[in-house]
Amino acid sequence: VLILVAVTFWIQRHKRVPTASPSPREQAETELDELLKRHLPDEARWSDFYAELTLILRRFIERSHRIPATKKTTREFLHAIRNDSRFNPAWVASVTTLLKYAEAMKYAGHQPDIESVDHTVHTARECIETAKPESADDVATD
């Protein structure tokens, strides 16, 4: 009996406590912080930087609202969020501006100044922070 009690106590003490998965917002914020640590703008890697920045935003929308954002063209993605009542028009306008600006940086070979990069990162953070609050129905499960 003592051995059973000791084993039970040891199991309870060493049992893994499940940790909560990060929310889509937390995942996006972490991904954005990791992107900034790579210093791509400092190396004039504009296309890589803006491609990753927009992918972070798209994955956030995909995770939090179940819109297959990473599998759509920018036009299809913008059409989907414009026609989704969960998003307010001002938020959609911010995302639209950010994505169109990023496309110009990725494909037209523009070289933004540091203030433009900072502004774009700030806008991305605002879009992530101000998207309609997540609910159990909105959050995609693994």
Expected output: side-chain Arg63 to main-chain Pro24 donor-acceptor under 3.5 Å: no

Find out whether the Lys NZ or Arg CZ of Arg25 is both under 6.0 angstrom from the six-membered ring centre of Phe60 and within 45° of the ring's axis. no

With rounding to the nearest 0.5 angstrom, report the CG to CG distance, Leu32 to Leu36. 5.0 Å

Same cluster (ILVMFWY, side-chain, under 4.5 Å), Ile128 and Leu55: no

Look only at the side chain of Glu62 and the backbone of Thr70, and say whether a donor-acceptor pair between them is shorter than 3.5 Å. yes

Salt bridge or not between Glu31 and Arg59? Use side-chain N to carboxylate O under 4.0 Å. yes

Donor-acceptor pair, distance only, cut-off 3.5 Å: does the side chain of Arg82 make one with the backbone of Phe77? no

Mind checking the OG1-CZ spacing from Thr130 to Phe87? Nearest 0.5 Å is all I need. 11.0 Å

Does any part of the side chain of Pro22, heavy atoms only, come nearer than 4.5 Å to the side chain of Thr30, both counted from C-beta? no

Salt bridge (Lys or Arg N to Asp or Glu O under 4.0 Å) assessment of Asp33 paired with Arg125: CA-CA 10 Å; Asp33 290 341; Arg125 281 194 194 280; 2.7 Å; yes

With the side chain counted from C-beta on, respond yes when Tyr50 and Leu40 share a heavy-atom pair under 4.5 Å apart, and no when they do not. no

Donor-acceptor pair, Asp84 side chain versus Ala80 backbone, under 3.5 Å? no

Please examine the side chains of Trp91 and Ile81, heavy atoms only from C-beta on, and report whether any two atoms are closer than 4.5 Å. yes

Side-chain contact, heavy-atom cut-off 4.5 Å: Glu52 with Asp48? no

Distance-only donor-acceptor check, side chains Asp118 and His122, under 3.5 Å: no

Decide whether Asp113 and Ser116 meet the rule of one side-chain donor and one side-chain acceptor closer than 3.5 Å. yes

In a table with atom names and distances, give each donor-acceptor pair under 3.5 Å that connects a side chain of residues 95-108 to protein atoms at least two apart or in another chain.
unit_1, atom_1, unit_2, atom_2, d
Thr96, OG1, Val92, O, 2.8
Thr97, OG1, Ala93, O, 3.0
Glu103, OE2, Thr74, OG1, 2.5

Those residues at least two apart in sequence (or on a different chain) that pass side-chain hydrogen bond (donor to acceptor under 3.5 Å, both in side chains) with Asn88 are none

Would you indicate whether the side-chain heavy atoms of Thr120 and Phe49 approach each other to under 4.5 Å? no

Tell me every residue that passes side-chain hydrogen bond (donor to acceptor under 3.5 Å, both in side chains) with Glu129, counting only those two or more places apart in sequence or in another chain. none

Mark yes or no for whether Glu76, through its side chain, and Thr73, through its backbone, hold a donor-acceptor pair below 3.5 Å. yes

When you measure from the side chain of Glu26 to the backbone N and O of Ser23, does any donor-acceptor pair fall under 3.5 Å? yes

Is there a side-chain contact between Arg45 and His39 in this structure, where contact means two heavy atoms from C-beta onward sitting under 4.5 Å apart? no

Spacing of Cys127 atom SG and Ile56 atom CD1 [to the nearest 0.5 Å]: 13.0 Å

